[in-house]
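Here the structure comes first, spelled out in structure tokens, and everything after it is commentary.
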There are 2 protein chains.
Amino acid sequence: MRSRGFDGFSYADLAQVVGIRKASIHYHFPTKADLTAALVERYHNALDQECHRIETQHKTGRDRLQAMIQLYRDALNDGTTLCLCVSLISSRESLSIGVIEKIKAFRAMMVARFAEVFRQCQQENSIRDVSDPVAEARAALALLEGAHLSARAENNVDAFDRALWILTSRLR
Amino acid sequence: MRSRGFDGFSYADLAQVVGIRKASIHYHFPTKADLTAALVERYHNALDQECHRIETQHKTGRDRLQAMIQLYRDALNDGTTLCLCVSLISSRESLSIGVIEKIKAFRAMMVARFAEVFRQCQQENSIRDVSDPVAEARAALALLEGAHLSARAENNVDAFDRALWILTSRLR
DNA sequence: ATCTATCTACCTACTGGTAGGTAAGTGGAT
DNA sequence: ATCCACTTACCTACCAGTAGGTAGATAGAT
């Protein structure tokens, strides 16, 4: 799903990967919308947990921000996958409203997480020119998602790092 | 194509929109790869021309950058469409190598255009902290593409402006 | 202990519909 | 007469989703 998008993946593909018949997947997730909603929810929880782990493992805003950038970098899986959110939004026209709402919720969660980290960086003075942590967070999310697209287009994870330079170069 | 993506749009859809039979489209563009390549090429030329128009209509780097941001903003068409490049890359796994190369070429062209504008801004001192115009250009492209995704996810063009704030707030 | 009923998780086989793509023909312009 | 743009009618492959059934685990009643 994260590598082929909503319109590009099928029950048959998934069935082959997980090793059961597609009818069995329909048993657990009657429609593609159900399946997608479950995936987004799982992704939401997984990322939320990862952010929590980062909070416990890193104490400064600087380290936390870098760890969260690394989190997105890892999500690329060497260019084979995108952030679930990115691959789904591109095919928004095919999504059910339930899935769209879940994507919005995921993004709101990530913005809140980033805003908290930027607020901390502001207090630490560990990053240049932070005037509005929430605005910074929204921009950072857009930048990260755009960096994912860049890396995929160039078929090169370095493109992700080059795009993120605009943010990482502000760290001190 | 720009609203539904490569995997989400079909010859039948397109035929209905343009008012001829889908076999007639196959006459002009035998395969979906041919059609997509032609679309990317047209998009490339159209944007190149738009950038040229901006260069003649605006003289300062500051004005040119703002006009190019507006160009991307207009490409959203009130949230109904994405930059062609964005909607295609998400379904990269379904694309022919020819199309991927054309997308790379398009991105290289846009990076070069943006780099030129950032270089001018640097000379004018009309934007804060420009140290590397090419790096700025790459980051700006990622930000613009990410802002497109944000606007689409939030179903609100304001989300585009909010993401771009990180760049526009540096103008002076 | 065993019979019975129900449930879970899976299966094969199929549906209606749509995908990209093609072969052969039509009709107007040069 | 020939070419060009387009048509109808068709193909095969695949799509999401369904019908109907089965093996095996679970649990309550006797």
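Letters A, B, ... are given to chains in the order of the sequence lines, protein chains preceding strands, and every chain is numbered from 1. Just so it is clear, the structure is predicted and the values come from calculations on it, not from any experiment.
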* To do: Classify the side chain of B/Lys32 and the base of C/dG21 as holding, or not holding, a donor-acceptor pair under 3.5 Å.
  => no

* Asked: How many Å lie between CD1 on B/Ile25 and P on C/dT22, as a whole number?
  -> 15 Å

* **A/Tyr11 side-chain N/O to D/dG17 phosphate OP1/OP2 under 4.0 Å** => yes

* Asked: Would you say B/Ser24 reaches D/dA5's phosphate, i.e. side-chain N/O to OP1/OP2 under 4.0 Å?
  -> no

* Asked: What is the distance from CD1 of B/Ile20 to P of D/dA5, rounded to the nearest Å?
  -> 11 Å

* Asked: Closest to the B/Ser10 side chain: C/dA19, C/dT12, D/dT7?
  -> C/dA19

* Asked: B/Tyr27 has a side chain; which of C/dC10, D/dA5, C/dA13 sits nearest to it?
  -> D/dA5

* Asked: Tell me: CZ of B/Phe29 to C1' of D/dA5, nearest whole Å?
  -> 13 Å

* **Gap between atoms CG and P, on A/Asp34 and D/dA16 respectively (whole Å)** => 14 Å

* Rounded off to whole Å, could you give me the CG-to-C1' distance for the A/Leu14 and C/dC10 pair? => 15 Å

* Report yes or no: does B/His148 contribute a side-chain atom to a donor-acceptor pair with the main-chain N or O of B/Cys83 at less than 3.5 Å? => yes

* Asked: Taking the side chain of A/His28 as its heavy atoms from C-beta onward, which of C/dA9, D/dA5, C/dG21 lies nearest to it?
  -> C/dA9

* Measure the acute angle between the ring planes of A/Phe106 and A/Tyr43, then classify it against the limits of 30° and 60° as parallel, tilted or perpendicular. => tilted

* Asked: Is there a chain of hydrophobic side chains (I, L, V, M, F, W, Y, each step under 4.5 Å between heavy atoms) that links B/Val18 to B/Leu39?
  -> yes

* Asked: Rounded to whole angstrom units, what separation is found between the NE2 atom of A/His26 and the P atom of D/dG21?
  -> 20 Å

* Please confirm whether the backbone N or O of B/Glu55 pairs with a side-chain atom of B/Arg64, one donor and one acceptor, at under 3.5 Å? => yes

* Looking only at side-chain atoms of B/Ala23, point me to the closest of C/dC10, D/dC15, D/dT7. => D/dT7

* d(CZ, A/Arg4; C1', D/dC15) in whole Å -> 13 Å

* Measure from the side-chain heavy atoms of B/Lys22 and tell me the nearest of C/dG20, D/dT7, D/dG17. => C/dG20

* Could you tell me the separation between the CG atom of B/Asp7 and the P atom of C/dG20, rounded to a whole number of Å? => 9 Å

* Hey, are B/Glu116 and B/Arg119 close enough for a salt bridge, meaning a charged N less than 4.0 Å from a carboxylate O? -> yes

